[in-house]
Amino acid sequence: MNHKTTSIAAASIQLHCQHRFPSQRFCRLPIADPESGLCSKHAAEHQKDLDQADLAASLIGDAEEFRSAVVINRSLGELYKLQARNKINPRRAAVMAYTCNLLLRTLPAIEHELYPELEDQPQIIIDLPRPKRD
């Protein structure tokens, strides 16, 4: 084998991670996953990104907008399942649950904006009698 074919074969074998930093430099760590061409650190980050994308698909589903309590409830149910399986960070789950709480609180305001004529109708409020204190 001559020098030219050896250099071509060596060039096709990747020795270092193929992750590029924002400065366009490559990572200098050795490859841990030959399939992806990444070191162990960047392969784990890549897998985490794929898992997070998968979580988003299960949480959001086919919902376009969160303008009904049913859609928000379904999303909260999925969030609960993911947290029970330890697939989501508890802190992240708490933030998402709080966001769902805010969405639920805005639903009456959205309904008021969409249907202002319903506000003019009288509301019946039934009070319970006060307890008798002797």
Subject >> Q18 and F26, any side-chain heavy atoms less than 4.5 Å apart >> reply: yes
Original post:
Got a sec, which residues hit salt bridge (charged side-chain N to carboxylate O under 4.0 Å, His left out) with E65, two or more places apart in sequence or on another chain?
Top reply: R67
Subject >> Heavy-atom pair with the smallest gap, counting every atom of L79 and A97 >> reply: CD2-N, 3.8 Å
**OP:** Give the minimum heavy-atom separation between C39 and C27, together with the two atoms involved.
**Re:** SG-SG, 4.0 Å
Subject >> Between CZ on residue R74 and OG on residue S68, distance to nearest 0.5 Å >> reply: 10.5 Å
**OP:** Take the angle between the ring planes of H42 and F21 and call it parallel below 30°, perpendicular above 60°, tilted in between.
**Re:** perpendicular
Subject >> Side chains of N73 and L104 in contact at under 4.5 Å (non-hydrogen atoms) >> reply: no
Subject >> Spacing of T106 atom OG1 and H112 atom NE2 [to the nearest 0.5 Å] >> reply: 14.0 Å
Original post:
Cluster question for you: counting only ILVMFWY and a side-chain heavy-atom cut-off of under 4.5 Å, with indirect links fine, are F66 and V95 together?
Top reply: no
Original post:
More than 12 heavy atoms of other residues, nucleotides or ligands under 6.0 Å from OH of Y80: is that the case?
Top reply: no
Subject >> Verdict with reasoning, I31 to L15, per side-chain contact (heavy atoms from CB on, under 4.5 Å) >> reply: CA-CA 6 Å; I31 291 176; L15 300 174; over 6 Å; no
Subject >> Distance, nearest 0.5 Å, that separates CG of L76 from SG of C100 >> reply: 4.0 Å
Subject >> Close side-chain approach of Q83 to P90, heavy-atom, < 4.5 Å >> reply: yes
Original post:
Got E45 and L38 here, is their nearest side-chain heavy-atom distance under 4.5 Å?
Top reply: no
Subject >> Separation between CG of L82 and CZ of R92, rounded to the nearest 0.5 Å >> reply: 9.5 Å
**OP:** Can you measure from NZ (K41) to NE2 (H19) and round to the nearest 0.5 angstrom?
**Re:** 7.5 Å
